Amino acid sequence: MAQTLNKQQREAVKLIGCPVLIFAGAGSGKTRVLTEKIAYLVDKVGIPPEHILSVTFTNKAANEMKERILKLIKCDVTKMTVGTFHSVCASLLRKHIHMLGYDNNFTIYDQSDAKQAMKNVISSLNLDIKTFQPNKYQYLVSNLKSKMIYPNDVLLTTDIYIDEILKEIYERYNELLKENNAVDFDDLLLLPIQLFKQEKSLLDYYQNKFQYVLVDEYQDTNKPQFEFIYNISKNNNEITVVGDDDQSIYAWRGADIKNILNFSNSFPNSKIIKLEQNYRSTKTILDAAFHVVSKNKNRAEKKLWTENEKGDPIYINEFENENKEARGVIDDVLESVDKNHTLNDMVLLYRTNSQSRVIEDRLRRESVPYHIVGGVKFYDRKEIKDILAYLRYLINPKDSISFLRIVNFPPRGIGKSVTEKIIKQLNTTDSDLEGILKKLDNLGLSAKQIEKVNAFNQIIRKLKKTKDKTALETVERLLEKIKVKDYYTNKDNPDDYERLENIQEFVSSVSDFSDRNENNGIGPFIEEVSLLTDIDRWNANEQKLTLMTLHSSKGLEFKSVYILGAEEGLLPLTHNNDDDDLEEERRLFYVGVTRGIKKVSISYANTRRRFGVSSMFSLRSSFIDAIPPELCSFNSSSSYAKQLASKIAKPFKPKDEFKINDMVSHKLYGNGKIIMIQGIGDNSKISIKFRGNMIKKFIKKYANLKIIN
DNA sequence: TTCACAGAAGTTTTT
DNA sequence: CTTCTGTGAA
């Protein structure tokens, strides 16, 4: 990174008084420009921090931005509003959503909650769940919302045709959410716009509050996001957006490339600045990436350049199958670690989350520490969602989705017949969930059933007393009350052990939250958790190898980048032969390649298992063929296989560092002695005798045992 | 009501 | 190959 700003960067920083669009290519220092601009606005122009709104793509980026501003100038960054669209909108709604008939303690539904809600809607409309798949309808509704098409807009011109049934489902879904005092991710963006429309004074307030607006990754904004910032800044005209049409990779979730391409029309008298000097990558990497993306018809003409060296060629590696690919790539990673790289210099990128499995298996065998971004997210795990559901229900007693999740978990004898009666009452009368649970008499329940529901009510009532304590206290009390640890300990399912560990990790994250924040009740905790993305939990400084999807890698950089599975049908991933889709895949590939600083390796496998069984032959990606061969170094399968043969000749032997009679320590149970080992490798089962002759059996890879002397 | 088992279905990408 | 769903027995 250059020490001083170049001419265009400087211009972008200092240009105020009109809307500014910065076309910033990969690695051109756009985040730096945004940061410097904010510092300039505060320090030189004299705009108070509280009048600045800066929107980033992830919470992580927001935090980094704040830190970087602090390094440049002295100011109170906490007064500044820096965050993602979703988090900014959420905190706005916390203050004003009552104007729309919700309570300010509303719950934010993530997509699995939304799916559950959709499922309830479809069955309450007596529709066949097989024909009207909740998944599909949730997707359809979300798509409509992200285009700001409402139930009453029966449009034949859009690509989604709203028929009567979709309309009814859509309407009923919205009603259900409102009855639950809940919003989904789309509502988070839509409701503020509705508020602005409805309450003119509120719009005035925010126009006045946010005198200067900055937006990062502008190419990936959708219609509601555009409306949001447009409303706020249309009078002041003090707005700076940064984006790169070549890196637009979220059209599938409603991001509208027109937002960036038509910026000048939306904001009159705007100026455009182009940042075309790349400070990140080698000439070779840039050249290769350009040759791929320039195949796109739909793109603004531009070319990045760099003063950096030519550097290594692009390494193209062919493998027989996905297992050998994983092995080959990891061998290369380990070799680099021996030379001049550390594990966190490198990243493994792939198109679909499911590709991580084979890689993980290999990494575990080699005992390489790694971290996966995405996939099954931590807060999406069943055991964590259950606990969160309790917390959410404590805050928002109208939340029927959370209620249904916890009313019989851990099992307390409240079954389908009871919950169905409650839900029916909810759907057919005006009373809300809270009211129904207060008087159970007229539900037609047996005395025993009433007793059980009251036992549940009792637990909730007791927990409510700690509601205003710190999140940590509430969670600890909760775990104690519902005896969830006992529930998982007493069953003999090997997965349950991992569940316990996750709960433990959850508790430490709550504890961490309580330490970190002054305002540390369960409300703020849930708010943070529901808007946290996986990348926010990722620590780039840890000595671990990072694995993530190409999508997640946007905005990051690594000394060495591996792109796996570059095969036709996988990257590009094609479901139909739409040109627009192919162009987006190409941009995705472009994003991946341009993450690299020094070295980019691309690999593909000749056969790849999908759905576990069927092995199919695959062709190498056309994206590879778009890179001029003189920029590449090819490793064909056969020669690579030979190289490998000499290296891999020594048979792989699992590292079983545990022996019978070893003393080991365990996070939960303390110290104990190994009395039995069944099987070998990571999946072996280890029996340990702890204090008081308590014997527990663990799966090695999950147990996290440490040898003690 | 709960648990266990069998069968079916499913993979883009994420706030 | 996994994860979810539905069915039947205790």
Side-chain angles (χ1 to χ4, degrees), chain A residues 55-62 83-90 108-112 114-116 119 129-130 133-136 139 142 145-146 183-190 217 220-222 224-225 248-255 322 349-358 361 373-377 379-382 407-420 446 448-449 452 487 491-493 495 530-536 548-554 565 569-576 581 584-585 587-589 591-592 608-615:
Chain A
V55 187
T56 56
F57 200 67
T58 62
N59 296 298
K60 193 184 172 65
T84 63
F85 275 104
H86 293 266
S87 64
V88 170
C89 287
I108 300 169
Y109 281 174
D110 67 20
Q111 77 187 12
S112 75
K115 187 184 148 197
Q116 195 58 49
K119 214 168 144 187
I129 209 114
K130 290 233 163 70
Q133 296 164 337
N135 262 334
K136 190 178 144 202
Y139 175 79
S142 173
K145 285 188 176 183
S146 70
V183 302
D184 63 18
F185 282 141
D186 300 303
D187 292 339
L188 236 29
L189 306 171
L190 290 173
E217 307 286 5
D220 284 323
T221 50
N222 65 16
Q225 290 168 337
S248 148
I249 54 176
Y250 283 100
W252 54 273
R253 74 170 195 212
E322 76 278 9
L349 302 177
Y350 38 76
R351 178 62 235 263
T352 63
N353 281 308
S354 56
Q355 284 169 259
S356 70
R357 174 158 253 114
V358 262
D361 285 347
V373 176
V376 183
K377 295 174 191 70
Y379 292 104
D380 275 349
R381 287 163 209 253
K382 183 202 174 305
V407 67
N408 196 34
F409 178 85
R412 48 176 81 91
I414 300 172
K416 221 177 170 182
S417 62
V418 176
T419 52
E420 265 174 6
S446 72
K448 222 175 195 164
Q449 287 174 322
K452 282 172 178 162
Y487 173 75
K491 291 200 303 173
D492 241 354
N493 188 339
D495 289 347
S530 21
L531 295 173
L532 218 53
T533 62
D534 229 38
I535 207 134
D536 299 325
M548 65 174 86
T549 62
L550 288 157
H551 281 91
S552 302
S553 74
K554 191 173 75 162
L570 185 60
L571 179 60
L573 185 70
T574 42
H575 40 121
N576 48 36
D581 287 350
E584 181 147 318
E585 295 290 313
R587 292 193 291 268
L588 191 54
F589 186 81
V591 167
R608 182 176 295 272
R609 240 179 267 266
R610 262 180 151 176
F611 304 116
V613 262
S614 58
S615 207

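Predicted model, so just to flag it, every value in this text is computed and none were measured. Residue numbers start from 1 in every chain, and the chains themselves are labelled A, B, ... in the order their sequence lines are given, proteins ahead of strands.
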Enquirer: Specify the separation, in whole Å, of atom CG of A/L188 and atom P of B/dT14.
Expert: 19 Å

Enquirer: Between A/D536 and A/T533, do the side chains contain an N or O donor and an N or O acceptor separated by less than 3.5 Å?
Expert: yes

Enquirer: Quick one: label A/E217 by what it contacts on the DNA or RNA (base, sugar-phosphate, nothing), any heavy atom closer than 4.0 Å.
Expert: nothing

Enquirer: Can you name the residues that form a ring-ring contact (aromatic ring centres under 6.0 Å, His included) with A/H86, not counting sequence neighbours?
Expert: A/F185

Enquirer: Does A/S354 reach a base, just sugar-phosphate, or nothing at all? Heavy atoms under 4.0 Å.
Expert: base

Enquirer: Evaluate the criterion side-chain contact (heavy atoms from CB on, under 4.5 Å) for residue pair A/E217 and A/Y250; output intermediate values, then yes/no.
Expert: CA-CA 11 Å; A/E217 307 286 5; A/Y250 283 100; over 6 Å; no

Enquirer: Answer yes or no: does a side-chain N or O of A/S87 lie under 4.0 Å from OP1 or OP2 of B/dT15?
Expert: no

Enquirer: Categorize A/S552 for me: base, sugar-phosphate, or nothing, with a 4.0 angstrom heavy-atom threshold over every strand shown.
Expert: sugar-phosphate

Enquirer: For A/Q355 and for A/Q111, find the nucleotide of DNA chain B with the closest heavy atom, then tell me which residue's nucleotide is more 5'.
Expert: A/Q355

Enquirer: Between C1' on B/dT14 and CG on A/D220, what's the gap in Å once rounded to a whole number?
Expert: 11 Å

Enquirer: What nucleotide, of C/dT2, B/dT12, B/dT13, holds the atom closest to the side chain of A/R357?
Expert: C/dT2

Enquirer: Looking only at side-chain atoms of A/Q449, point me to the closest of B/dT1, C/dT2, B/dT15.
Expert: B/dT1

Enquirer: Just how far, in rounded Å, is P of C/dT5 from CD1 of A/I129?
Expert: 9 Å

Enquirer: Look at all strands and tell whether A/D186 reaches a base, only sugar-phosphate, or nothing, counting heavy atoms closer than 4.0 Å.
Expert: nothing

Enquirer: Would you tell me if any nitrogen or oxygen in the side chain of A/K119 comes within less than 4.0 Å of OP1 or OP2 on C/dT5?
Expert: yes

Enquirer: Applying side-chain contact (heavy atoms from CB on, under 4.5 Å), run through A/N222 and A/R253 and close with a yes or a no.
Expert: CA-CA 8 Å; A/N222 65 16; A/R253 74 170 195 212; over 6 Å; no

Enquirer: So, OP1 or OP2 of B/dT14: does either fall under 4.0 Å of a side-chain N or O from A/N353?
Expert: yes

Enquirer: Given the C1' atoms of B/dT11 and C/dG6, what is the spacing between them in whole Å?
Expert: 23 Å

Enquirer: What nucleotide among B/dT15, B/dT1, B/dT14 has an atom nearest to a side-chain atom of A/F185?
Expert: B/dT15

Enquirer: Does A/T533 make a side-chain N or O approach to OP1 or OP2 of B/dT15 shorter than 4.0 Å?
Expert: yes

Enquirer: Under 4.0 Å, counting only non-hydrogen atoms across every strand here, what does A/E584 touch: a base, just sugar-phosphate, or nothing?
Expert: nothing

Enquirer: Grab the CG-P distance between A/L571 and B/dT12 for me, whole Å please.
Expert: 15 Å

Enquirer: With stacking defined as ring centroids separated by under 5.5 Å and planes differing by under 30°, is A/W252 stacked against B/dT12?
Expert: no

Enquirer: Please give, in whole Å, the distance from B/dT15 P to A/L532 CG?
Expert: 10 Å

Enquirer: Base, sugar-phosphate or nothing for A/K452? Non-hydrogen atoms, less than 4.0 Å.
Expert: nothing

Enquirer: Side chain of A/K377 only, please: which of B/dT13, B/dT15, B/dT1 is the nearest?
Expert: B/dT15

Enquirer: Base, sugar-phosphate, or nothing: which does A/T58 touch, judged by heavy atoms less than 4.0 Å apart?
Expert: nothing

Enquirer: Measure CZ/A/F409 against C1'/B/dC3 and give the value in whole Å, please.
Expert: 15 Å

Enquirer: Regarding A/D534, tell me which of base, sugar-phosphate or nothing describes its non-hydrogen contacts under 4.0 Å with the strands shown.
Expert: nothing

Enquirer: Round to a whole Å and report the spacing from CG of A/D187 to C1' of B/dT15.
Expert: 13 Å

Enquirer: Mind listing the closest non-hydrogen atom pair of A/N408 and A/G413 along with its distance?
Expert: OD1-N, 3.2 Å

Enquirer: Checking A/R357 now: which residues fulfil side chain to side chain donor-acceptor pair (under 3.5 Å) with it, not counting sequence neighbours?
Expert: none

Enquirer: Is the positively charged end of A/K382 above the ring of A/F409, judged by distance under 6.0 angstrom from the centroid and angle within 45° of the axis?
Expert: yes

Enquirer: Among the candidates B/dT12, B/dG10, B/dT2, find the nucleotide nearest to the side-chain atoms of A/P411.
Expert: B/dT2

Enquirer: Contact class for A/R587 (heavy atom, under 4.0 Å): base, sugar-phosphate, or nothing?
Expert: nothing

Enquirer: Does the side chain of A/D186 come under 3.5 Å of the side chain of A/S142 through a donor N or O and an acceptor N or O?
Expert: yes

Enquirer: Which whole number of Å gives the distance between the C1' atom of B/dT12 and that of C/dT5?
Expert: 24 Å

Enquirer: Picking from B/dT2, B/dT1, B/dT13, which would you name as closest to the side chain of A/N408?
Expert: B/dT2

Enquirer: So if I take every side-chain heavy atom of A/V418 and compare against B/dT2, B/dT1, B/dT15, which nucleotide ends up nearest?
Expert: B/dT1

Enquirer: At under 4.0 Å, does any side-chain N or O of A/Q133 touch on OP1 or OP2 of B/dA9?
Expert: no

Enquirer: Send over the distance from A/N135 CG to C/dT3 C1', rounded to a whole Å.
Expert: 12 Å

Enquirer: Under 4.0 Å, counting only non-hydrogen atoms across every strand here, what does A/Y250 touch: a base, just sugar-phosphate, or nothing?
Expert: sugar-phosphate

